[in-house]
Amino acid sequence: MGEGKSSSVAIGIDLGTTYSCVAVWRNDGVEIITNDQGNRITPSCVAFTDTQRMIGDAAKNQVAANPTNTVFDSKRLIGRKFSDPHVQNDMKLWPFQVTNVDDVPKIVVEHKGEIKSFAAEEISSMILAKMREIAEKFLGTQVTNAVITVPAYFNDSQRQATKDAGRIAGLNVMSILNEPSAAAIAYGLDTKDHFHGIRTVFVFDFGGGTLDLTLLTIDNSGNITVKIHGGDTHLGGQDFDAAMVEFFASEFQRKNRIDLRGNKRAICRLKVASERAKRILSSTTQASIELESLHQGIDFYTSITRAKFEEINKNLFERCMELVHKCFEDSDMAKSSVDEVVLVGGSTRIPKLEQRLKDFFDGKDLCKKCINADEAVAYGAAIHASKLSGDKNEKIQDLKLWEVTPLSLGLKEQGGLMKVIIPRNTMIPTKKQDLFTTQFHNQEIVQIHIYEGERKIASNNNLLGSFDLEIPPAPRGVPMINVCFEIDSNSILHVSAEERATGVMKKVSVVSNKGRLSREEVERMVKDAEKYKAEDEEHRQKIEARNALENLAYNMRNLIEDEPVASELSAQDKKKINKAIDYTLKWIDESDFATVDEFKKEEEGLLSVFGPIILKMIEDLDARGSESGRKSLKKHSFEVVVSVVTGLVSAVCSVIQVIQG
Ligand code: ADP
Ligand code: MG
């Protein structure tokens, strides 16, 4: 890690599928931190080129020119197996390559002329490292403590993998917080003082890749109690984009009798344009697409109306509303009991969706103004982070979050079925038990396989862990084995199994390792991350050295062509300097792969021609009592030369270098 003061400050990071956002609690309030481009959200995008690695806006901006090496959507991959049908489906739409390494999906790119493969955790860690850096610049101190948010629907592997991504980024992940709960904290903190009694809130979080639905209550004492989570980890703004791309690809085919679907660059450009059109359709009723030479030299000019957009995405709106319905069906709450509907995520800006939601809630106004849809999650995460790091602020300390389990937890029973012990949406902490017996005569070992998920067949769910319990032999069906599932307040599952008659007992805390990175892999990735960071820094220094040299050369040229210096210099000296400048500018053009040292050396060379001539000129001017030479130097940003010239003639070159650097 770099040097600098370490601090106890803790940040909140919304690691989104499409955009990420970082916030911090400071001076009794939350500050959303802007990135180096002045944006409050940063694209969750990493790009690799021949010369460098880019993260965030810079990566997103070059996607159409470099589609196969620009990686996004790592959140859709994280904690999933290669064979996962979702992964298989997504892969068809990604311009970058994903390969199968022991059922772990790896992203393959070309970086600095080499083929590199990355786990989703690594790509996510690069985004996290960027968010961390944004916060460090803003705060002026090193930051290690962070709360990272995930969709409520994420299973254990996805949560653990997100935690690993944080570790690879050099972060101490204080907690993994559910996104809707973070939004609720943001909402709760801002509205707590304005009402009495208990309010029921429905959080509708619709982002780029996920739809997260949450019903919760907030009371005056700061208790936020989650009642139920619903939604879909694979439904988001990208599905609208994909539907539009498909629509336009068909249109292109109809018009030109050529299929462009195999052209990655064309698909990528079409996707960027579709996404833009989609946003425009949220505020106006028509949007146009203009893509020159999209495929085989053929231009594609077209337009789309909001009505058409709504038609081609009818199924998606329908799915959203079905999930909303289901949420209320699963809870014992009536939709009329909802006091506030909070909209979170960029896709909630789609007018049709808003209308459908409003209709569902019988014309109720939706809360858009009270909370910023793009920032609410990071906002809440920052509050949670501050609370965890022991902030004494009363407003923060009062807030208490009562979560529920997002997925059912249970065992594989006879015939491979899933026997649920703790149903989903049970409030945490909780403890539940059930009795089991043996399947065979004189069975000596009972295998306990622990799963999470909603599928009827256990192996279709996520295996969290397993262990064996040894029991004394007995006829089939006689032993009574009590299995107890307990989730503590840190959401960690402890499972114990006990044979009643003999009291033989085994207890484990379930930490799922399936599909996860090994400790060695994480360690290696931490080292790699440091290496990449150093390379990025080297690249930054190189660009700076290059720019400094270029500025120096142009400043020199302006100086010697401007009066009074122009007329003071002899034609011969001017020629000498011009020749040196031309040489340097040409050298810069041809030196893409030069090192910082080489840039510095070139700078010294240029100054060794320029320095003595100019110094001599200034001495001559001073001898004649003229001020104009100095003024001119100042105008062309060589003022420090002037102040140094009189005293330290010989040191001038190095001083200029310091100034320029
Ligand atoms: P995530 O949390 O998944 O990173 P965000 O909440 O940042 O996602 O939302 C990003 C999604 O919102 C993208 O799919 C983007 O296209 C969509 N989006 C952003 N603004 C608009 C808008 N004005 N109209 C429609 N969709 C939008
Ligand atoms: Mg989000």
Side-chain angles (χ1 to χ4, degrees), residues 9-45 55-57 75 124-125 127-139 143-152 154 162-163 165-166 169 171-190 203-210 212 214 224 236-237 342-349 367-368 370-389 391 395-396 399 401:
V9 68
I11 54 175
I13 303 175
D14 167 10
L15 178 64
T17 313
T18 348
Y19 287 97
S20 295
C21 183
V22 57
V24 66
W25 174 273
R26 222 172 53 150
N27 310 329
D28 278 352
V30 173
E31 296 189 60
I32 303 290
I33 309 178
T34 52
N35 67 18
D36 45 1
Q37 303 295 305
N39 298 324
R40 293 159 76 88
I41 52 178
T42 299
S44 304
C45 188
I55 308 170
D57 290 298
K75 189 168 168 180
S124 290
S125 83
I127 297 153
L128 287 172
K130 174 79 181 177
M131 302 319 285
R132 174 189 178 186
E133 194 188 301
I134 291 168
E136 288 183 338
K137 272 213 184 105
F138 173 80
L139 295 166
V143 176
T144 50
N145 295 332
V147 166
I148 302 174
T149 60
V150 294
F154 256 20
T162 303
K163 229 176 178 171
L171 288 167
N172 167 37
V173 183
M174 304 163 88
S175 164
I176 292 283
L177 178 65
N178 289 331
E179 286 160 15
S181 305
I185 291 175
Y187 173 81
L189 191 83
D190 277 2
V203 182
F204 185 92
D205 180 353
F206 199 21
T210 51
D212 249 312
T214 306
I224 297 176
V342 174
L343 298 186
V344 181
S347 299
T348 55
R349 298 209 179 85
C367 168
K368 286 186 289 178
C370 61
I371 182 168
N372 183 313
D374 291 326
E375 301 166 2
V377 172
Y379 194 109
I383 295 170
H384 194 60
S386 178
K387 186 182 158 85
L388 292 182
S389 54
D391 193 293
K395 244 163 66 185
I396 288 190
L399 281 172
L401 187 61

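We're numbering straight along the sequence, starting at 1.
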statement: Value for OG (Ser386) from CD1 (Ile11), rounded to nearest 0.5 Å, stands at 12.5 Å
message: Before you tell me yes or no, could you show the steps for Ile134 and Thr42 under side chain to side chain contact (heavy atoms under 4.5 Å, CB included), namely the whole-Å CA-CA distance, both residues' side-chain angles and the distance that decides it to 0.1 Å?
response: CA-CA 10 Å; Ile134 291 168; Thr42 299; 3.7 Å; yes
message: Do Glu133 and Phe138 have side chains that approach each other closer than 4.5 Å (heavy atoms only, starting at C-beta)?
response: no
field: Chi angles and distances behind the side chain to side chain contact (heavy atoms under 4.5 Å, CB included) call for Leu15, Ile127
entry: CA-CA 8 Å; Leu15 178 64; Ile127 297 153; 3.8 Å; yes
- request: For Lys130, enumerate each residue passing the salt bridge (charged side-chain N to carboxylate O under 4.0 Å, His left out) test, keeping only those at least two apart in sequence or located in another chain.
  value: Asp36
task: Taking side chain to side chain donor-acceptor pair (under 3.5 Å) as the test, write out the residues that go with Glu31, two or more places apart.
output: Arg26
Side chain to side chain donor-acceptor pair (under 3.5 Å) involving Ser124 - partner list, sequence neighbours excluded: Ser74
query: Between Ala381 and Val147, which heavy-atom pair has the shortest distance, and what is it?
result: O-CB, 3.9 Å
statement: Minimal heavy-atom distance between Ile224 and Ala184, with the atoms involved, is CD1-O, 3.7 Å
field: Taking every non-hydrogen atom, the tightest pair across Gly208 and Thr18
entry: CA-OG1, 3.2 Å
query: In chain order, what residues pass the side-chain contact (heavy atoms from CB on, under 4.5 Å) check against Ser389, with sequence neighbours excluded?
result: Ala10, Met174
message: Tell me which pairs pass salt bridge (Lys or Arg N to Asp or Glu O under 4.0 Å) where either residue lies in residues 9-23, with sequence neighbours left out.
response: none
Any donor-acceptor pair under 3.5 Å from Thr348 side chain to Gly345 backbone: yes
task: Evaluate side chain to side chain contact (heavy atoms under 4.5 Å, CB included) for Val344 paired with Phe204, printing each intermediate quantity in order.
output: CA-CA 6 Å; Val344 181; Phe204 185 92; over 6 Å; no
query: How long is the span from the CZ atom in Phe206 to the CG atom in Leu343, to the nearest 0.5 Å?
result: 11.5 Å
statement: The single option from Thr144, Asn145, Leu139 that satisfies side chain to side chain contact (heavy atoms under 4.5 Å, CB included) with Val9 is Leu139
query: Which residue pairs pass the salt bridge (Lys or Arg N to Asp or Glu O under 4.0 Å) test with at least one member in residues 375-389, sequence neighbours excluded?
result: Arg40-Glu375
- line: The side-chain contact (heavy atoms from CB on, under 4.5 Å) partners of Ile41 (sequence neighbours excluded) come to Tyr19, Cys21, Asp374
field: Closest approach of Leu171 to Val143 (non-hydrogen atoms, all atoms of both residues)
entry: CD2-O, 4.2 Å
query: Between the main-chain N or O of Gly16 and the side-chain N or O of Ser20, is there a donor-acceptor pair closer than 3.5 Å?
result: yes
query: Hey, does the side chain of Asn35 reach the backbone of Asn39 with a donor-acceptor pair shorter than 3.5 angstrom?
result: yes
task: State, to 0.1 Å, how close Ala169 and Ser125 come at their nearest heavy-atom pair, and which atoms those are.
output: CB-O, 3.4 Å
task: For the residue pair Val30 and Val24, establish whether any side-chain heavy-atom pair is separated by less than 4.5 Å.
output: no
Separation of Tyr379 OH from Ile32 CD1 (nearest 0.5 Å): 7.5 Å
With Asp57 via salt bridge (charged side-chain N to carboxylate O under 4.0 Å, His left out) - residues at least two apart: none
field: Trace of the side chain to side chain contact (heavy atoms under 4.5 Å, CB included) decision for Leu177 with Leu401
entry: CA-CA 10 Å; Leu177 178 65; Leu401 187 61; 3.6 Å; yes
query: So which heavy atom on Leu128 is nearest to which on Ala165, and how close?
result: CD1-C, 3.7 Å
Pairwise side-chain contact, His384 with Ser181, heavy-atom cut-off 4.5 Å (strictly under): no
message: With a 3.5 Å distance limit and no angle check, can you tell me whether Asn178 reaches the backbone of Pro180 through a side-chain donor-acceptor pair?
response: no
task: Would you check if the side chain of Lys163 reaches a backbone N or O of Val173 as a donor-acceptor pair within less than 3.5 Å?
output: no
field: Sequence-distant partners of Thr210, side chain to side chain donor-acceptor pair (under 3.5 Å), two or more places apart
entry: none
- line: Across all chains, not counting sequence neighbours, the side chain to side chain donor-acceptor pair (under 3.5 Å) partners of Thr149 are none
query: Is Leu399 close to Ile383 at the side-chain level, that is, under 4.5 Å between some pair of heavy atoms?
result: yes
